[in-house]
Number of protein chains: 2
Amino acid sequence: MTTMSNRYQSDSGRKRPTMKNVADLAGVGIKTVSRVVNDEPGVSEATRQRVMRATEQLQYQLDITAGSLKRSGRKTQSIGLLLPSVSNPFSGEIHRAMEDALAVRGIAVFAASLDDDPDRERKLISAFLGRRVDGLVLTTIAKSQAYMIPEHSRDLPLVFVDREPAGIEADAVVTDNEIGAAKAAAHLIQHGHTRLAYLGDRTDIQTAGRRRTGFLDGVGKAGISTSGVAVRENLHDEETAFRAAHELLTSENPPTAVFSSQNLVTFGAMRALRALGLHHKVALIGFDDFTLADMMDPGITVIAQHPERIGKLAAERILARIDGDESPAQTYVIPTELIQRGSGEIRPQADAGK
Amino acid sequence: MTTMSNRYQSDSGRKRPTMKNVADLAGVGIKTVSRVVNDEPGVSEATRQRVMRATEQLQYQLDITAGSLKRSGRKTQSIGLLLPSVSNPFSGEIHRAMEDALAVRGIAVFAASLDDDPDRERKLISAFLGRRVDGLVLTTIAKSQAYMIPEHSRDLPLVFVDREPAGIEADAVVTDNEIGAAKAAAHLIQHGHTRLAYLGDRTDIQTAGRRRTGFLDGVGKAGISTSGVAVRENLHDEETAFRAAHELLTSENPPTAVFSSQNLVTFGAMRALRALGLHHKVALIGFDDFTLADMMDPGITVIAQHPERIGKLAAERILARIDGDESPAQTYVIPTELIQRGSGEIRPQADAGK
DNA sequence: CTGAAAGCGCTAACAA
DNA sequence: TTGTTAGCGCTTTCAG
């Protein structure tokens, strides 16, 4: 036993020291160590010093996961964040904003990528639940999140970002997709366009559907028949978007203005316009801003979202729920912003008509 | 007691069920439940079925954090990933590659942003250690990581990404910065340039220093005096890079080719070249590839890195260390690739000389 | 094939 | 101001 405790006299020990080791070295009870390392009151300055010294000598690190086992509320000080992909810039911004807001409370974040795959969604949620996260913030893809009702009713805080949940009532923080897309339609029409095209993402992605609806509504409200709008959907990457745009632009009655519902689609459309030498002739507005959009030729007009605001608000909501906020679930809508850079202000060409 | 256990007969219970609850419902011992949920052998098919049924009925979720308390090796099945920023695309790619490689082993990742701030580095490492991560993968900024020696000698697996550690021996996975930068120098010189400029990031960032060294070495090896190379450093964002580039290009004896050590610096340089109408006259090569580089006018020639490969290899190394690999620490170098897109192939202009 | 007992590192509740 | 006891949910050990 003496040898055993001697192993903790120096910091070269192999095993990680426990509270008990610190207590023994400082000659106090274990609860006193707990009070000191948790900054709880009720410890004399003298003992506090002794304990601190022992802590440093042993390089002691409080095990917060062990503590959470018995702590009231069993908080693990961690949350799970499920995103389309951590490598996606939009997701990255949300992630970063959340991290900053949660760090001040000492909450760490587990991040994972769903790849818009319902199977992954279930598995990753399960993996996080097994780690007893204090809450979940997620961008879901499954048709319904009703399968989470049992967890939610067990007081698992839930906040949806970018997409609203289906089949379950929970907070959500989303972009104003409809209005943003409608703004794009209005802007194009205001610049004289009547032959419009909508290039959209997978129809099972909620935001894509809303942008489509918003765009067509905007067209309709301007008194233009929506049946004349060329709609191409289920474009999930640059390549398919390029092909769809190329086909549309070389068709018999090509659009004079294009709206793309997402960055990759915007990129595909940009490439098609270039390939056909139409980038200064056909208007383009993309949903979601991107790096260097202003450096393109022409600059790309976009409906910008605010991922930092989404992330910050989502963090605030999950914290409120963790702290026991029981108010009814609510959806928070973050407005978009039309940024004019040139491509969206191109007017229909005289010779473009049939 | 009867009321108590009845609360777990249905899945509408408020509290999260424990193994004991499942055991009671299935009429078996707790250890049997443990065996079933952990897929351990030695349980008859009949009992296994009974336990599974109870598990589903109660919506039981194994608490892996509680289990790790006593499990041999005390593995928490989680690792900590410290990046410059989760919102940085390069970091995002590394993150994603690691996530994919670790997911197959059921390891979750805590991600955090350091902002190249040594204070944050210490605090975040500490936060992760407190959660008893099985390993740490990090892009550090502090001058020395010697302060982690105690932890490392306590068998905490450590892998450095993008930057090599100082003051401690540990695995590292880095880009071939020197050779990549030297390639840029050789490429520019090969295209006839002799008046070169180097625009670099903060000098306390290891990769920046190495790219500078590599670039100057490359210049020297080509038989050109390095004293003629205009060097501007400590450019950490687009704005400062823009100003430095602008100043350089409007100086008395301006460079005919520019090398920028990092994306934001590249963007600043691109803007300066445009502002001065020199984008088709002065050559530019940027270190690190970026989205839409090929869509710029001219396309931007870059020294591309391979963040996915870095992330994948880093994940493999941390897994090997977690599994007990005791071989000497090693640095793995991932090669770069010169991608010609136009900006790097511009020749010095006849009228550009003095 | 199954289960009872001990205890992982810590905090809550209560004593002293 | 301090310490003792019980026990969080699980895995280990070891006995049936």
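Worth saying up front: this structure is predicted, and the values here are computed from it rather than measured. In the text below, chain A, chain B and the rest are named by the order of the sequence lines, each starting its count at 1.
Across all strands, Thr47(A) comes closer than 4.0 Å only to sugar-phosphate atoms, never to a base (heavy-atom distances). At a threshold of 4.0 angstrom between heavy atoms, the contacts of Ile64(A) with the nucleic acid are absent. Using a 4.0 Å heavy-atom criterion, one finds that Arg35(B) contacts the bases of the nucleic acid, with or without backbone contacts as well. Here Ser68(A) lies out of heavy-atom contact (under 4.0 Å) with every strand.
Look at CG on Asn21(A): it is 8 Å from P on dG9(C), rounded to the nearest Å. The distance between atom CZ of Arg50(B) and atom C1' of dC1(C), rounded to the nearest whole Å, is 13 Å. The CD-P distance, from Glu45(A) to dT2(D), rounds to 11 Å in whole Å. When the C1' atom of dG9(D) is taken as reference, atom CG of Asp24(B) falls 14 Å away, rounded to whole Å. If you measure from atom CZ of Arg16(B) to atom C1' of dC10(D), you get 15 Å, rounded to the nearest angstrom. The separation between Tyr60(B) atom OH and dG9(D) atom P is 10 Å, rounded to whole Å. For the pair Lys70(B) NZ and dG7(D) C1', the computed distance is 15 Å after rounding to whole Å. One atom, NZ of Lys31(B), and another, P of dC14(D), lie 13 Å apart when rounded to the nearest Å.
Taking a 6.0 Å sphere around CD of Glu169(B), one finds it holds 12 or fewer heavy atoms contributed by other residues, nucleotides or ligands.
Aromatic ring pairs are classed by plane angle as parallel below 30°, tilted from 30° to 60° and perpendicular above 60°; the pair His95(A) and His95(B) is tilted.
Taking only side-chain nitrogens and oxygens, Ser44(A) never comes nearer than 4.0 Å to OP1 or OP2 of dT1(D). OP1 or OP2 of dT11(C) sits under 4.0 Å from a side-chain N or O of Ser34(A).
Nearest to the side chain of Val28(B), among dG3(C), dT11(D), dT11(C), sits dG3(C). Residue Thr18(A) places its side chain closer to dG9(C) than to any other of dG9(C), dT11(C), dC10(D). The side chain of Ile30(B) has dT11(D) as its nearest neighbour among dT11(D), dT2(D), dT11(C). For Leu69(A), the listed nucleotide lying nearest its side chain is dG9(C); candidates were dC1(C), dC10(C), dG9(C). For Ala66(B), whose side chain is taken as the heavy atoms from C-beta onward, the closest listed nucleotide among dT2(D), dT13(D), dC10(D) is dC10(D). Out of dT2(D), dG9(C), dT11(D), the shortest distance to the side chain of Val43(A) is found at dT2(D).
Between Gln61(A) and Ser126(B), the closest side-chain pair of non-hydrogen atoms falls below 4.5 Å. Contact annotation: the side chain of Ile79(A) approaches that of Ile322(A) to within less than 4.5 Å [non-hydrogen atoms, C-beta and beyond]. In this structure, the side chains of Arg50(B) and Val43(B) stay at 4.5 Å or more apart for every pair of heavy atoms. Contact annotation: the side chain of Val36(A) never approaches that of Thr55(A) to less than 4.5 Å [non-hydrogen atoms, C-beta and beyond]. Counting heavy atoms from C-beta on, the side chains of Lys75(B) and Ser68(B) never come closer than 4.5 Å.
Where the helix from dC1(C)-dG16(D) to dA16(C)-dT1(D) starts and where it ends, the local axes point in directions that differ by 30°; five pairs per end, rounded to 10°.
A donor-acceptor pair shorter than 3.5 Å can be found between the side chains of Arg317(B) and Tyr332(B).
Residue Gly42(A) is the one, among Met19(B) and Gly42(A), whose nearest nucleotide of DNA chain D lies closer to the 5' end (criterion: closest heavy atom).
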